[in-house]
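Accompanying notes for the structure given below.
Each chain gets a letter, A, B and so on, in the order the sequences are listed, and its residues count up from 1.
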Amino acid sequence: SQQGEEDPQALSIQEGENATMNCSYKTSINNLQWYRQNSGRGLVHLILIRSNEREKHSGRLRVTLDTSKKSSSLLITASRAADTASYFCATGRAQKLVFGQGTRLTINP
Amino acid sequence: ETGVTQTPRHLVMGMTNKKSLKCEQHLGHNAMYWYKQSAKKPLELMFVYNFKEQTENNSVPSRFSPECPNSSHLFLHLHTLQPEDSALYLCASSQFTGFLAEAFFGQGTRLTVV
């Protein structure tokens, strides 16, 4: 069954603005990861947050995790045109890394 | 360049053809995966291999046959596919399976079944 579900499905903002994407999941997890996919290409790992962590930063990315609400958010600050892509959350549990449907982010110049 | 290479990048095949997708990783990882990405659907995990042993088959039809001869190579053999099998097939690897492991993806093979 599908684990992560991203919200919104699509997001369009102006360059320089911040973009926030949310992910909800249903069962217990070991970690939660965020990936980026440029159109028709492979996925690129962005950040991993463990179930005992609440917040993590990497450059312009900030990820939060709330295990009580079974949700996570990805914040991209000072967005750039190159950030245009689809963003996926993935939950790690046992042998599996299960992905959501993704948020399509468009950064307008 | 993620260290995971997939070939071919594009493949068009008829429903009676037999073809194979190849994946190679140069990262020294122990786990390898096949995912299927169809339009407007989440990535679907197909197979998981850990130390060359298949540990997960996510109810994939037998017309898809994986092979993992060693920890660096993974194949997906295709035969008598259906048009609905057209999708982007992604290979990934990780140091360990499941938790605490980030996955590295190849660029994918865009498969079209005609």
Side-chain angles (χ1 to χ4, degrees), chain A residues 1-10 21 23-53 56 58 61 63 65 67 72 74 85-104, chain B residues 1-7 9-10 21 23 25 27 29-51 53-59 86-112:
Chain A
S1 62
Q2 182 178 333
Q3 267 278 50
E5 293 189 17
E6 290 88 345
D7 171 60
Q9 290 191 6
M21 289 158 273
C23 170
S24 60
Y25 57 92
K26 296 176 182 174
T27 62
S28 62
I29 60 171
N30 302 113
N31 67 55
L32 188 141
Q33 304 179 34
W34 285 91
Y35 288 78
R36 184 187 74 226
Q37 183 181 33
N38 290 87
S39 182
R41 310 289 291 274
L43 280 74
V44 175
H45 181 264
L46 295 176
I47 198 164
L48 180 153
I49 186 166
R50 293 183 171 80
S51 58
N52 61 353
E53 297 176 310
K56 204 160 183 180
S58 177
L61 306 180
V63 169
L65 179 64
T67 53
S72 173
L74 170 67
S86 292
Y87 291 81
F88 296 86
C89 69
T91 49
R93 185 164 176 257
Q95 300 273 345
K96 299 182 181 182
L97 193 59
V98 182
F99 288 82
Q101 204 150 356
T103 292
R104 176 68 192 166
Chain B
E1 178 57 54
T2 62
V4 180
T5 303
Q6 287 187 244
T7 54
R9 293 290 309 276
H10 301 272
L21 310 184
C23 177
Q25 56 99 357
L27 302 168
H29 288 166
N30 299 310
M32 296 188 77
Y33 314 81
W34 280 116
Y35 283 87
K36 176 184 177 183
Q37 187 176 33
S38 306
K40 299 182 180 179
K41 290 174 100 174
L43 270 79
E44 301 171 58
L45 178 64
M46 299 175 72
F47 301 104
V48 179
Y49 276 82
N50 194 30
F51 291 95
E53 298 298 320
Q54 184 176 307
T55 57
E56 185 86 20
N57 177 337
N58 205 25
S59 302
S86 298
L88 182 66
Y89 288 84
L90 292 163
C91 172
S93 72
S94 61
Q95 184 62 46
F96 313 104
T97 56
F99 66 98
L100 297 180
E102 65 180 272
F104 292 76
F105 282 80
Q107 297 285 36
T109 295
R110 173 68 63 186
L111 174 67
T112 304

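With rounding to the nearest 0.5 Å, the separation of CD in B:Q107 from CG in A:N38 is 9.0 Å. Atom OH in B:Y33 sits 7.0 Å away from atom CG in A:L97 (nearest 0.5 Å). To the nearest 0.5 Å, atoms CZ (B:R9) and CZ (A:R41) are separated by 5.5 Å.
Residues B:Q37 and A:F88 share a closest heavy-atom pair of NE2-CZ, 3.7 Å. Here the closest heavy-atom approach between residue B:L90 and residue A:Q37 is recorded as CD1-NE2, 4.3 Å. Closest approach of A:F99 to B:L43, counting heavy atoms only: CB-CB, 4.0 Å.
Neither the backbone nor the side chain of B:Q6 comes within contact range of chain A; no heavy atoms are under 4.5 Å apart. There is no contact between A:Q9 and chain B, counting heavy-atom distances below 4.5 Å. Heavy atoms of B:F104 lying under 4.5 Å from chain A are absent altogether.
Between the side chain of A:Q101 and the backbone N or O of B:P42, no donor-acceptor pair lies under 3.5 Å.
More than 12 heavy atoms of other shown residues, nucleotides or ligands fall within 6.0 angstrom of atom CZ in A:R104.
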